[in-house]
Amino acid sequence: MVLRLLYSNGDVVRINFTRLIRRGGVFARLGDPDFFEQVSVGEGGRYIQWPGDIDFCADALWLQEHDKDNSAA
């Protein structure tokens, strides 16, 4: 399961949730396509969220993807 996030500065980040889903627990629900599609943007675009208090900070997701870019250098 992958989300493509467009940030206000024009950056596009692709977040692959597959590894997190495989860990199970509360995140296992993200493996259901119908549930995954219920994602929404939180207040002021500061996070993404799903029902059941599953949320991820937009800044942390952006940094996670950009750290991957820097580690390859």
Side-chain angles (χ1 to χ4, degrees):
M1 301 293 204
V2 177
L3 279 181
R4 182 178 168 267
L5 305 175
L6 172 63
Y7 286 77
S8 61
N9 67 357
D11 280 355
V12 175
V13 173
R14 288 176 40 99
I15 306 296
N16 188 335
F17 287 90
T18 303
R19 290 180 67 189
L20 189 60
I21 292 166
R22 287 182 183 155
R23 287 186 191 173
V26 68
F27 300 116
R29 296 181 66 196
L30 298 176
D32 174 356
D34 291 330
F35 184 78
F36 194 80
E37 289 180 6
Q38 294 180 45
V39 67
S40 62
V41 176
E43 184 180 341
R46 301 191 59 79
Y47 54 93
I48 59 171
Q49 62 186 357
W50 284 269
D53 294 328
I54 299 174
D55 58 55
F56 296 88
C57 172
D59 291 340
L61 294 172
W62 187 90
L63 287 170
Q64 173 185 319
E65 290 304 299
H66 284 80
D67 282 347
K68 288 179 185 176
D69 294 342
N70 292 334
S71 66

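Since we're looking at a predicted model, the values are computed, not measured.
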- prompt: Just by modelled atom types, is the Val13 backbone N or O under 3.5 Å from a matching donor or acceptor in the Tyr7 side chain?
  reply: no
If you compare all heavy atoms of [X] against all heavy atoms of [Y], which two are closest, and at what distance to 0.1 Å?
{"X": "Pro51", "Y": "Gln38", "result": "CG-OE1, 3.1 Å"}
{"X": "Ala58", "Y": "Gly45", "result": "CB-O, 3.6 Å"}
{"X": "Met1", "Y": "Asp32", "result": "CE-C, 4.0 Å"}
{"X": "Arg14", "Y": "Glu65", "result": "O-OE1, 3.1 Å"}
{"X": "Phe36", "Y": "Leu30", "result": "CD1-O, 3.3 Å"}

Going hydrophobic residue to hydrophobic residue with side-chain gaps under 4.5 angstrom, can you get from [X] over to [Y]?
{"X": "Ile15", "Y": "Tyr47", "result": "no"}
{"X": "Leu63", "Y": "Leu61", "result": "yes"}
{"X": "Val41", "Y": "Trp62", "result": "no"}

message: Can you classify the ring geometry of Phe56 versus Phe27 as parallel (below 30°), tilted (30 to 60°) or perpendicular (above 60°)?
response: tilted
- prompt: Yes or no on side-chain contact (heavy atoms from CB on, under 4.5 Å) for His66 and Asp11, after CA distance, side-chain angles and deciding distance?
  reply: CA-CA 10 Å; His66 284 80; Asp11 280 355; 3.7 Å; yes
query: Got Ile54 and Phe35 here, is their nearest side-chain heavy-atom distance under 4.5 Å?
result: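 The answer is yes, as the side chains (C-beta and beyond) meet within the 4.5 Å cut-off.
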task: Could you grab the distance from atom CG of Leu3 to atom CD of Glu37, nearest 0.5 Å is fine?
output: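 Result: 10.5 Å between the selected atoms.
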